[in-house]
Amino acid sequence: MKALVLSGGKGTRLRPFSHSLAKQLVPVAGKPVLVHVLERIRDIGVREVGIIVGDNAEEIRELLGDGSAMGLDIAYLHQEAPLGLAHCVAVAADFLGDDDFVMYLGDNVLPDGIETAARDFAERRPDGLVLVTKVADPSQYGIAELGADGSVRALVEKPARPRSDLAIIGVYFLTAAVHDAVRAIRPSRRGELEITDALQHMVDEGRPVSVQEYAGYWADVGSIDVLLDCNRTLLERLVPEVRGRIDAASGVDGPVVVEAGAEVTRSRLRGPLIVGSGTVVSDSTIGPNVVVGRGCAVQDAALEESLLLDGGNVRGVRGLSGSIIGRGAEVTAPRGGRGTRLVIGDHSRAEVAA
């Protein structure tokens, strides 16, 4: 089996970060989302991975290289424009050949893994096995309609009047039969080749397509609020480890990771919390549910429920919560003024008035 990871989208809902950072590279619980994806693929024993890339190709290559550091063999497949999930399958046709494959959306986080679905697919060998989960607003998703016996009756992309609450999430197990289906369909009203249309074509042709309801945590980190919620959920699983330096005047409550090269002085760390390598924290209170990236500086500040990306600087601001502060950004407050919620992009500067 091979894997096809879709990582070419522009991430408009994650702006301003996605202007300068591929949305799949935004960190959650200390790792880029795309790394979480590749770890789940590796967990099911797949080693050959094709990654669909677009304008973000260079930064993804810079992070992952040939994949050998993760025990993977990565090929990069360029998509000229985001023309749909089924179009990605067409772009990857030569790479995939006649092999079975798992298609995984690069902005989906499933920390509980996909081993159950992988075993089911290997044992029963349907031409398609799709992971689904119940959602409150199915009109925002592709949905699966099932018959009384649990068989797939229809797969519909973002229906105006959904007849099911089973949303199709970002993992699909497929055989080579999908290639004929992709060649048979036409672009939707959105101008895209929809994978739901390809799957529906397979159903109409009598091909076996099934769904499996996913029991674990799932997040499509396409928005700021979902990103923060996902970060919070994954931090609940944090295993404490201190490899950096925490002085005697500082205190630690709950699970905290302080990476090598980080220094904490006269501060309170409230887990779950990650402090990245090379970061300096002084006279501050950080946490809970915070990830401070690498090479950051936090001085005379208070920060909770937030992400501070690599190279960020927060000084003299207390009361920051639910915030995401981009790479190299600087947030200050004259005379120790109190801050509020902030979402600012890479290499920005913000001054919060008292």
inquiry  = Pair Val264, Val252 - check side-chain contact (heavy atoms from CB on, under 4.5 Å), show working.
reply    = CA-CA 10 Å; Val264 179; Val252 176; over 6 Å; no

ask   = How far apart are the C-alpha atoms of Arg268 and Asp253, what are their side-chain angles, what is the distance that settles it, and do they pass the side-chain contact (heavy atoms from CB on, under 4.5 Å) test?
value = CA-CA 8 Å; Arg268 173 66 61 181; Asp253 303 312; 3.3 Å; yes

Test side-chain contact (heavy atoms from CB on, under 4.5 Å) applied to Ile325 and Leu320, step by step = CA-CA 10 Å; Ile325 300 167; Leu320 282 178; 4.1 Å; yes

request  = Please step through side-chain contact (heavy atoms from CB on, under 4.5 Å) for the pair Arg315 and Val331, ending with a clear verdict.
outcome  = CA-CA 6 Å; Arg315 185 176 69 255; Val331 181; over 6 Å; no

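One N or O on the side chain of Ser267 and one on the backbone of Thr265 form a donor-acceptor pair closer than 3.5 Å. For the pair Arg47 (side chain) and Arg42 (backbone), a donor-acceptor distance under 3.5 Å is present. In terms of modelled atom types and a separation under 3.5 Å, the side chain of Ser250 and the main chain of Ala248 share no donor-acceptor contact. Ser284 places a side-chain N or O within donor-acceptor distance of the main-chain N or O of Ser282, the cut-off being under 3.5 Å. Looking at Asp112, its side chain does come within 3.5 Å of a backbone N or O of Tyr217 through a donor-acceptor pair. With His36 contributing its side chain and Val28 its backbone, the two residues share a donor-acceptor pair below 3.5 Å.
Counted within 6.0 Å of CZ on Arg266, heavy atoms from surrounding residues, nucleotides or ligands total more than 12; the atom is thus considered enclosed. The environment of Asp94 atom CG is sparse: at most 12 non-hydrogen atoms of other residues, nucleotides or ligands sit within 6.0 angstrom. Residue-environment remark: CZ (Arg40) exceeds the threshold of 12 foreign heavy atoms within 6.0 Å.
Residues Leu64 and Ile51 have side chains in contact (heavy-atom distance under 4.5 Å, counting atoms from C-beta outward). Counting only heavy atoms from C-beta outward, the side chains of Val203 and Gln200 approach each other to under 4.5 Å. A heavy-atom distance below 4.5 Å is not found between the side chains of Lys31 and Leu234. With a 4.5 Å cut-off on side-chain heavy atoms, Leu83 and Leu193 do not count as touching. Annotation: side chain of Val178 is not in contact with side chain of Tyr172 (no heavy-atom distance under 4.5 Å). Two residues are said to be in side-chain contact when any heavy atoms from C-beta on lie closer than 4.5 Å; Val171 and Asn108 fail this criterion. Contact check for Ser188 versus Glu157: no side-chain heavy atoms found under the 4.5 Å cut-off. Side-chain atoms of Gln79 and Leu77, non-hydrogen and from C-beta on, never get closer than 4.5 Å to each other.
Checked against Tyr141 for a side chain to side chain contact (heavy atoms under 4.5 Å, CB included), the options Ile168, Val135, Val132 give a single hit: Val135.
Sorted by first and then second residue, the salt bridge (Lys or Arg N to Asp or Glu O under 4.0 Å) pairs with a member in residues 121-130 read Asp100-Arg125, Asp120-Arg124, Asp127-Arg207; sequence neighbours excluded. For residues 98-125, the pairs satisfying ring pair (Phe, Tyr, Trp, His ring centres under 6.0 Å) are Phe121-Phe173, with sequence neighbours left out.
When the side chains of ILVMFWY residues are joined at heavy-atom separations under 4.5 Å, either directly or via intervening members, Ile185 and Val130 end up in two distinct hydrophobic clusters. Taken together through direct or relayed side-chain contacts under 4.5 Å among Ile, Leu, Val, Met, Phe, Trp and Tyr, Val280 and Leu269 form parts of separate hydrophobic clusters.
A donor atom on one side chain and an acceptor atom on the other are not found under 3.5 Å apart for Ser223 and Asp225.
Contact between Thr133 and Glu213 at its shortest, heavy atoms only, is CA-CG, 4.5 Å. Counting all heavy atoms, side chain and backbone alike, Val152 lies closest to Ser210 at CG2-CA, 3.9 Å. Closest heavy-atom contact between Ala176 and Gly97: CB-O, 4.3 Å. Nearest heavy-atom pair across Ala177 and Met202 is CB-CE, 4.4 Å. Summarising the geometry of Ser323 relative to Leu228, their closest heavy-atom pair is O-CD2, 4.1 Å, with the distance given to 0.1 Å. Between Leu96 and Val89 the shortest heavy-atom distance is CD1-O, 4.4 Å.
Taken from CG in Leu85 to CD in Glu192, the straight-line distance is 7.5 Å, to the nearest 0.5 Å. A distance of 11.0 Å separates CG in Leu308 from CD1 in Ile324, rounded to the nearest 0.5 Å. In this structure, the separation between CG on Leu303 and CZ on Arg318 is 11.0 Å, given to the nearest 0.5 Å. Rounding to the nearest 0.5 Å gives a distance of 11.0 Å between CD1 of Ile52 and CG of Leu105. To the nearest 0.5 Å, atom CD1 of residue Ile195 and atom CG of residue Leu174 are 6.0 Å apart. Here the CG-CD distance, from Asp283 to Gln299, works out to 7.0 Å after rounding to the nearest 0.5 Å.
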Name the atoms and distances for all side-chain donor-acceptor pairs under 3.5 Å in residues 65-75, with sequence neighbours left out.
from  : atom 1 : to    : atom 2 : distance (Å)
Asp66 : OD1    : Ser68 : N      : 2.9
Asp66 : OD1    : Ser68 : OG     : 2.7

Output side-chain donor-acceptor pairs under 3.5 Å for residues 271-279, partner residues at least two apart or in another chain, one line each.
from   : atom 1 : to     : atom 2 : distance (Å)
Thr279 : OG1    : Gly276 : O      : 3.4
Thr279 : OG1    : Gly293 : O      : 2.6
Thr279 : OG1    : Gly295 : N      : 3.4
Thr279 : OG1    : Cys296 : N      : 2.9

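Here Glu205 pairs with nothing under the salt bridge (charged side-chain N to carboxylate O under 4.0 Å, His left out) rule; sequence neighbours left out. With sequence neighbours left out, Arg232 forms a salt bridge (charged side-chain N to carboxylate O under 4.0 Å, His left out) with Asp229, Glu305.
Between Asp310 and Arg327, no side-chain nitrogen of the basic residue sits less than 4.0 Å from a carboxylate oxygen of the acidic one, so the salt-bridge criterion is not met.
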